[in-house]
Amino acid sequence: MEDGGPSITARRVAAHRLGFARVPAPYGDPAADDALATDVAAGREAPLNRMHDYLAARTSFFDRMVVAAIGRGVRQIVLGAAGYDGRALRYAKPGVRWFEVDHPATQRDKLRRLARLGIAAPQVRFVEADFTEDPVADRLLSAGLDPGAPGLFLLEGVAVYLEPAVLETVLDQFRQVAAAGSHLAISVSLSRDHDEDSRARFQASVAAMGEPAKSTFDADEAEDLLARHGWRIMADRDDPDDLQAAAKRQRQFSAGLLMASAGPRAPASSGQQPSPGQQPSPGQQPSPGQQPSPGQQPSPGQQPSPGQQPSPGQQPSSERPAGRRTRTSGSRPARPVPQTPGTLSLSALLSQALVAFTIELDNEAEHRLPHRTTDFGAGSQGDGAWLVSLVMWENCLRFVADEPITVGELQHLARTGTNLDGMRRWGYVTIDGTSKKVHKARPGPDAVLRATAKGLRARQVWLPLTGLIEERWRERFGAGQLGALRDSLIKLVSQLDPTLPDCLPILGPELLSRGPDPALPPRPDRVDVAGLPLSALLSRALLSFGLEYERESALSLAVGANLLRVLDGEGTRLRDLPPLAGISKEAVSWAAGVLTRSRLAVETPDPAASRGKIARLTSGGIAAQRVYRELVSTVEQRWQERFTGGTISALRLPLEALATAPDGVPPPLFQALEPYPDNWRAQVRRPGILPYYPMVLHRGGYPDGS
């Protein structure tokens, strides 16, 4: 800024742009853009020199990126260090929101100019932020950016003026709120051996204007910089045999005009992935999608890395007929239980995909986040809030930031309740301004919530994770497979109740599923189903199935699908139930309580041992087990008939490809379960089966009840 107005550089750029032929679009107000540029240029002339040619190419590049993004359906565009850019005017289109991020002084001066010129810009959110010190990601979220929908992020003409550390922070902040499918367009200053003289002249020129160049990279450094923060240089879609297109791409790259897509973060080294057991250097994230050497098997007690199939193991089928007595060795399964195609209900398939996705996401959050756990203390990243699962992010922390929000507003946004006292006690939020317990009962709708410093740090870690894990699944299981799963889920979910939450609610009394509160007003904004993350699509479909099942069942689907399913009339040791059902011993205890209170099961001393108990079904329990199997099948058959066009059959295909495997081969979903060496799951034996319905309890929201 210069005397409260635009800098010399901003005026020069505005003067140059007035002479450029801009990329046309059948929408927007180019005259408003030109009026703003004329006001900023303040009569300056634009000399026809090399800088003019460069700015023409740069302007055309960013114009094309904007028009292309709008053309493919992107509805939110972020301009970093927007300054006096007028693209939000030139390319204004109904339904597209613009977020202009810049220093408060620049933003206020721009708003004064727009008001003086009589230019309205209701489509623009002016986000005041200083890149050197402000949390840009949180500011964008507070301004209304949807982290679940893809966006276009622009950094034009600013990277060269930022210290490398500040530039890395900006890239990281943008990636935190960039959903899968988001793109980044950036101009960087690339160093070359043959143009040192011109570079020296440029650096002297901008330094004389009080805006010295601070960041210069060679081509490999620029690509590595982006990759470290989750941005991958994009391959051009133009015809590779088109020589003119190839020459154009080369000119753009040589000029430092780069296009990248949101993807997983790369390690800090030159693209080399750490080995499965290797501890990453500070700030470096290993790639859990890394493949081991062909044929390599883990040593005894070692977990296979994601993407590596454990050795096939012959385990008894999880669908045991009633009345057959089953005893295990007492240790948890060392290999996944084989599940053959055609044997799992739709609800079980949805459940296992959702639980596997959640576990991989939880593992990533734990690996990155300062936290603590009851049994293992502080995490490798330092002490922090008590560790929780995806559900507690979706039903609370996603909506509670540094700005106050009431309990009623939170429930309106999340569409489901949360364990508020737990989130306070675990260190994520304050209630009515304190982290101490001040409410004897549940806080009322007017109680005020705000994230703590630990909660804000957790938000920054959680924000990008659904997109990151989904991108990892796309790479691991194949874009076609994941695309088919998403497409079929979108087709189904778009026909379900639009008030459903984006996560499975915490189970209610008797472990019943909780539906949307009919007293809640409609959602504040219409949800774009196609923009929902995979976890939300799976959750909505599964919750809808569970609610329909429970309208006709005396037992919850969680109890029937997990514990009732594996019990029989002869008896099973209590210690063997968690590995058979795929849920924790705490979740088994809750479900067993429901069955025993209903006189569907009994617990008696183990007749084959000096200590311990067995659980067995009563005659009523055996009948209830038969009802569970019939009703699950009935609901699925209804869905086949209700959602026409082969929707359910199309959904089963990719789910079965992930959750089942023939001939005793472990299901592919188990590739998603491998924890990092510093995670709590690395300290316990891996599961042999996943839940047939998630056991989301109030203590952290873990879907397997752990």
Side-chain angles (χ1 to χ4, degrees), residues 133-139 141 147 165 168-177 228-230 264-268 274 277-288 358-402 418-431 434-436 449-469 674-684 699-702 706:
E133 58 186 39
D134 291 327
V136 175
D138 280 348
R139 297 282 172 90
L141 292 172
E168 295 209 21
T169 297
V170 173
L171 292 171
D172 187 71
Q173 291 278 303
F174 277 4
R175 183 62 187 87
Q176 287 180 29
V177 293
R228 286 202 309 274
H229 297 282
R265 298 168 191 266
Q278 179 181 345
Q279 194 69 10
S281 59
Q284 173 185 345
Q285 299 296 339
S287 171
T358 303
I359 287 176
E360 184 164 11
L361 190 148
D362 288 349
N363 285 341
E364 191 70 30
E366 180 184 359
H367 180 69
R368 296 173 177 228
L369 179 67
H371 68 275
R372 54 189 165 83
T373 56
T374 302
D375 292 335
F376 303 102
S380 61
Q381 300 295 330
D383 197 8
W386 193 74
L387 194 65
V388 294
S389 183
L390 171 65
V391 164
M392 310 308 291
W393 155 255
E394 288 284 3
N395 67 21
C396 182
L397 203 59
R398 173 181 165 193
F399 305 103
V400 181
D402 52 354
T418 188
N419 183 350
L420 281 174
D421 195 58
M423 293 298 281
R424 173 200 62 78
R425 188 171 67 252
W426 302 330
Y428 291 95
V429 302
T430 60
I431 304 178
T434 178
S435 60
K436 298 180 180 179
L449 309 174
R450 191 190 296 262
T452 64
K454 291 178 180 179
L456 290 174
R457 172 61 181 146
R459 289 186 89 252
Q460 290 182 345
V461 172
W462 276 96
L463 276 170
L465 291 189
T466 52
L468 185 149
I469 301 304
E674 174 64 11
Y676 289 98
D678 57 353
N679 282 20
W680 74 263
R681 290 184 187 276
Q683 313 302 317
V684 298
R699 292 189 293 182
Y702 290 90
S706 56

Q.
Has R372 got a side-chain atom pairing as donor or acceptor with G384's backbone, closer than 3.5 angstrom?
A.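 Side chain of R372 to backbone of G384, a donor-acceptor pair under 3.5 Å: yes, one is there.
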Q: Working to the nearest 0.5 Å, report the span between CZ of F376 and CH2 of W680.
A: 7.5 Å
Q. Is the shortest distance from a Lys or Arg side-chain nitrogen in R175 or D172 to a carboxylate oxygen in the other one below 4.0 Å?
A. no
Q.
Using only atom types and a distance under 3.5 Å, with no angle test, would you say the side chain of T452 pairs donor to acceptor with the backbone of G427?
A. yes
Q: Would you indicate whether the side-chain heavy atoms of L449 and I431 approach each other to under 4.5 Å?
A: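 Of all side-chain heavy-atom pairs linking L449 with I431, at least one is under 4.5 Å.
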Q.
Tell me if a side-chain donor or acceptor on R424 pairs with a main-chain N or O of S435 at a distance below 3.5 Å.
A. yes
Q. Could you walk me through whether F174 and L171 pass the side chain to side chain contact (heavy atoms under 4.5 Å, CB included) check?
A. CA-CA 5 Å; F174 277 4; L171 292 171; 5.7 Å; no
Q: Kindly give the heavy-atom pair with the smallest separation between L369 and A458, and that separation in Å.
A: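 Nearest pair, atom of L369 first, then A458: CD1-CA, 3.5 Å.
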Q.
Before you tell me yes or no, could you show the steps for R681 and I359 under side chain to side chain contact (heavy atoms under 4.5 Å, CB included), namely the whole-Å CA-CA distance, both residues' side-chain angles and the distance that decides it to 0.1 Å?
A. CA-CA 9 Å; R681 290 184 187 276; I359 287 176; 3.8 Å; yes
Q: To the nearest 0.5 angstrom, please state how far the CG atom of L463 sits from the CD atom of Q176.
A: 6.5 Å
Q: Would you name the heavy atoms of W462 and V388 that are closest together and state the gap between them?
A: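 Smallest heavy-atom distance, with atoms named: CZ2-O, 3.7 Å.
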Q: Keeping the roles fixed (side chain from N679, backbone from N363), state whether a donor-acceptor pair exists under 3.5 Å.
A: yes
Q.
Any side-chain to backbone donor/acceptor pair from Q173 onto V136? Under 3.5 Å, distance only.
A.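 Pair found, side chain donor or acceptor close to backbone of V136.
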Q. Yes or no on side chain to side chain contact (heavy atoms under 4.5 Å, CB included) for L141 and F399, after CA distance, side-chain angles and deciding distance?
A. CA-CA 9 Å; L141 292 172; F399 305 103; over 6 Å; no
Q | Backbone N/O of R699 and side chain of N419: donor-acceptor pair under 3.5 Å | A | no
Q. What are the two closest non-hydrogen atoms of T374 and W386, and how far apart are they?
A. OG1-NE1, 3.1 Å
Q.
With a 3.5 Å distance limit and no angle check, can you tell me whether R459 reaches the backbone of R398 through a side-chain donor-acceptor pair?
A. yes
Q. So which heavy atom on R457 is nearest to which on P370, and how close?
A. NE-CD, 3.9 Å
Q: Could you tell me the separation between the OH atom of Y428 and the CG atom of L420, rounded to the nearest 0.5 Å?
A: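 Rounded to the nearest 0.5 Å, the OH-CG separation comes out at 14.5 Å.
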Q | Minimum heavy-atom distance between L390 and L361, given as atom pair plus value | A | CD1-CD2, 4.1 Å
**Q.** Backbone of V391 reached by a side-chain donor or acceptor of Y702 within 3.5 Å
**A.** no
Q) Which heavy atom in S389 sits nearest to a heavy atom in T358, and how many Å separate them? A)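 Looks like OG-CG2, 3.6 Å.
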Q: Check each of E364, R368, E366 against Y676 using the side chain to side chain donor-acceptor pair (under 3.5 Å) test, and report the only one that passes.
A: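 It is E364, the one option of E364, R368, E366 that forms the side chain to side chain donor-acceptor pair (under 3.5 Å) with Y676.
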Q.
Just by distance, no angles: are the side chains of H229 and E168 close enough, under 3.5 Å, to form a donor-acceptor pair?
A. yes
Q. When D678 is tested against each of Q381, Q683, H367 for side chain to side chain donor-acceptor pair (under 3.5 Å), which residue passes?
A. H367
